[in-house]
Asker: 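Before anything else, here's the structure in question.
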Amino acid sequence: MKRCHLAYLACGAALVSAGAGAVPAAAAHQTLVVRPGESIQKAVDAARAGDTVLVLAGTYHESVLIGTDRVTLRGAGARTIVRPAAVKTGKDANGCAKNGAGICVIGTKTRNVEGVTVADLTVTGFARAGVFGMATDRMTVRHVHAVGNDTWGIAQERSTRGVFRENVAERNGDAGVFLANTIKEEAGAYDAGRTLVEHNRLDDNRIGLTVRRLRNVNIQENGIRGNCAGVFVVGDENTPKAGHLTVARNLVLENNKSCPKTARLPALQGSGIVLTGVEQTRVTGNYVRGNAGRSPFSGGIVLFKSMVGATGENNRVDGNMLRANAPADLVNTDTGKGNSFARNSCRASKPAGLC
């Protein structure tokens with residue numbers, strides 16, 4: 001691991017100019033370089049707020065736990081690969097490894113960890129999530145390949161103002177991207193503080209993107225293809241109710257894999273964008289094509305009461321282009337009040353008259 005001071009100078013220049021006039025180390029943000037065979041976690045543990053941990057191309061068998069504000073963990077691109085440890089972790093393993101995840105950004109019950117960035121690497125083969133954040137504020141995940149993890153590619157809970165941009169999440173066992181209030185208890189929706197999910201490619205997962213019991217999230221300009229379901233926005237009877245979201249300008253294509261039922265959901269196949277038990281959500285400007293199946297959630301854009309019977313209210317579906325979805329382009333089986341459909345380009349709806 002090499003520590004390089006970056007106070008308006010390139011890393012290489014700093015190494016040869018440590019004489020008179022150099023910026024004091026305490027005042028400089030630093031880059032800690034990790035090479036194959038070295039420990040990413042040791043570099044992260046040594047990092048201070050504002051520092052960057054740069055992981056060179058290679059394969060690293062470990063889980064990494066970040067709890068320091070404003071640390072950037074950056075690889076050299078997809079050739080920087082993080083995989084599970086080659087041997088089972090023991091009692092000394094960090095909490096991320098014990099939870100079966102690859103890279104974790106974790107705050108506490110009373111304080112969010114702020115401003116952490118994870119970027120430019122591949123994370124694969126983990127039992128839980130490739131990248132997982134909990135109790136974070138302004139966590140950014142960008143240019144990450146989250147591939148072949150058993151549960152989620154990239155996941156976040158109980159967090160605010162997250163940014164998920166230009167990632168690839170594919171072949172993960174559950175959702176490519178999973179955002180939730182909390183997964184361990186029943187609770188009302190959490191205000192995610194304008195969390196942004198944009199320009200990602202979410203392919204061949206069980207669900208491309210799941211947003212569960214959250215408010216204040218923007219989902220825009222993603223490519224979502226070949227999952228069992230494309231976008232799943234989930235609410236229920238708890239208060240505050242999930243919703244106040246935007247799903248806009250996404251490409252949602254041929255999400256026709258067949259996935260068996262779970263304890264929470266029936267079998268999934270052919271679902272484009274599904275709203276279930278949410279309110280005040282706008283679905284607009286999306287191109288939704290070729291999503292076809294026989295699940296209760298099948299169709300292009302589907303409004304469905306939640307699995308506990310909570311209805312959706314005051315949702316708006318407008319300005320979308322839908323083609324060749326089955327059983328219909330627009331499906332509304334929700335009996336909630338105030339849901340509306342306007343200016344959509346489509347050929348078939350259930351009930352008739354929504355196009």
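Positions are given from 1 along the sequence. As the structure is a prediction and not an experimental result, all values here were calculated from the model.
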Asker: Taking all atoms of both residues into account, what is the closest heavy-atom pair of Ala146 and Ile154, and its distance?
Answerer: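 For Ala146 versus Ile154, the nearest heavy atoms are CB-CG1, 3.9 Å.
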Asker: Could you walk me through whether Arg201 and Val168 pass the side chain to side chain contact (heavy atoms under 4.5 Å, CB included) check?
Answerer: CA-CA 5 Å; Arg201 180 162 64 83; Val168 175; 3.5 Å; yes
Asker: Tell me if the aromatic rings of Phe232 and Phe297 count as close, with their centers under 6.0 Å from one another.
Answerer: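 That pair passes the under 6.0 Å test.
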Asker: Please say yes or no: joined through hydrophobic side-chain contacts below 4.5 Å, possibly via intermediate residues, are Val147 and Val177 part of one cluster?
Answerer: no
Asker: Would you name the heavy atoms of Gly153 and Asn149 that are closest together and state the gap between them?
Answerer: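 Closest approach of Gly153 to Asn149, heavy atoms only: CA-ND2, 4.2 Å.
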Asker: Using the side chain to side chain contact (heavy atoms under 4.5 Å, CB included) rule, pick out the option among Asn315, Thr281, Asn218 that qualifies with Leu245.
Answerer: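 So, applying the side chain to side chain contact (heavy atoms under 4.5 Å, CB included) to Leu245 and each of Asn315, Thr281, Asn218, only Thr281 qualifies.
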Asker: What's the separation between atom CG in Asn286 and atom CD1 in Ile224, rounded to the nearest 0.5 Å?
Answerer: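 Answer for the CG-CD1 pair, Asn286 versus Ile224, is 8.0 Å.
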Asker: If I compare all heavy atoms of Val288 with all of Gly272, which pair ends up nearest, and what's the gap?
Answerer: CG1-CA, 4.4 Å
Asker: My understanding is that only residues two or more places apart in sequence, or in another chain, count here; which of them pass side chain to side chain contact (heavy atoms under 4.5 Å, CB included) with Ser345?
Answerer: Met321, Arg323
Asker: Please assess Tyr287 against Leu253 for the test side chain to side chain contact (heavy atoms under 4.5 Å, CB included), listing each intermediate value before the final yes or no.
Answerer: CA-CA 8 Å; Tyr287 181 64; Leu253 309 175; 3.8 Å; yes
Asker: Going by disulfide (SG to SG under 2.5 Å), name the pairs with one or both residues in residues 218-254, residues two or more places apart or in two chains.
Answerer: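 Non-adjacent pairs meeting disulfide (SG to SG under 2.5 Å): Cys228-Cys259.
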Asker: Hey, mind stepping through Asp203 and Arg225 against salt bridge (charged side-chain N to carboxylate O under 4.0 Å, His left out) and telling me if it holds?
Answerer: CA-CA 5 Å; Asp203 296 346; Arg225 187 169 192 164; over 6 Å; no
Asker: Once rounded to the nearest 0.5 Å, what's the spacing between atom CG of Leu330 and atom CZ of Phe341?
Answerer: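 Taking CG in Leu330 and CZ in Phe341, the distance rounds to 6.0 Å.
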Asker: Do Glu166 and Arg142 sit within salt-bridge range, that is, some charged N less than 4.0 Å from a carboxylate O?
Answerer: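 Salt bridge flag = no for Arg142 with Glu166.
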Asker: I need the Thr195 OG1 to Arg138 CZ distance, nearest 0.5 Å.
Answerer: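 Rounded to the nearest 0.5 Å, the OG1-CZ separation comes to 11.0 Å.
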Asker: Can Arg215 and Asp191 be counted as an ion pair, charged N to O under 4.0 angstrom?
Answerer: no
Asker: Specify the closest pair of heavy atoms between Asn325 and Gly290, including all atoms of both residues, with the distance to one decimal.
Answerer: OD1-N, 3.3 Å
Asker: Is a salt bridge present between Glu157 and Arg213, judged by a nitrogen-to-oxygen distance below 4.0 Å?
Answerer: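 Judged by the 4.0 Å cut-off on N to carboxylate O distance, Glu157 and Arg213 do not form a salt bridge.
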Asker: Among Thr136, Asp45, Leu73, find the one that has a side chain to side chain contact (heavy atoms under 4.5 Å, CB included) with Ile66.
Answerer: Leu73
Asker: Could you check Leu121 against Ile103 for side chain to side chain contact (heavy atoms under 4.5 Å, CB included), going step by step and ending with a plain yes or no?
Answerer: CA-CA 11 Å; Leu121 49 79; Ile103 299 169; 3.8 Å; yes
Asker: Around Lys305, counting heavy atoms of other residues, nucleotides and ligands shown, do more than 12 lie under 6.0 Å from its NZ?
Answerer: no
Asker: To the nearest 0.5 Å, what is the distance between CG (Leu209) and CG (Leu179)?
Answerer: 6.0 Å
Asker: When rounded to the nearest 0.5 angstrom, what is the spacing between NZ in Lys241 and CG in Asn314?
Answerer: 9.0 Å
Asker: Could you report the tightest heavy-atom contact between Ala129 and Phe126, atom names first, then the distance?
Answerer: O-CB, 3.8 Å
Asker: Side chain to side chain contact (heavy atoms under 4.5 Å, CB included) between Asn172 and Phe178: does it pass, once the steps are laid out?
Answerer: CA-CA 11 Å; Asn172 298 288; Phe178 178 84; over 6 Å; no
Asker: Do the side chains of Ile81 and Val44 join up, straight or via other hydrophobic residues, at under 4.5 Å, putting them in one cluster?
Answerer: no
Asker: Pair Arg347, Asp329 - check salt bridge (charged side-chain N to carboxylate O under 4.0 Å, His left out), show working.
Answerer: CA-CA 7 Å; Arg347 296 184 178 179; Asp329 293 320; over 6 Å; no
Asker: Less than 4.0 Å between a side-chain N and a carboxylate O, is that true for Glu198 and Arg165?
Answerer: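 Looking at Glu198 together with Arg165, the answer is yes, because their closest N to O distance falls below 4.0 Å.
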Asker: Provide the closest heavy-atom pair for Leu65 versus Gln41 in the form atom of the first, atom of the second, distance.
Answerer: N-OE1, 2.7 Å
Asker: Identify whether the distance between the nearest side-chain nitrogen and carboxylate oxygen of Glu254 and Arg289 falls below 4.0 Å.
Answerer: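 A salt bridge links Glu254 with Arg289.
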Asker: Distance check, rounded to the nearest 0.5 Å: Asn200 atom CG versus Asn167 atom CG?
Answerer: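 The CG atom of Asn167 is 5.0 Å from CG of Asn200, to the nearest 0.5 Å.
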Asker: With Met139, which of Arg161, Gln156, Glu114 fulfils side chain to side chain contact (heavy atoms under 4.5 Å, CB included)?
Answerer: Gln156
Asker: Stepwise, does the salt bridge (charged side-chain N to carboxylate O under 4.0 Å, His left out) test hold for Asp318 with Arg343?
Answerer: CA-CA 5 Å; Asp318 70 291; Arg343 299 183 295 104; 2.8 Å; yes
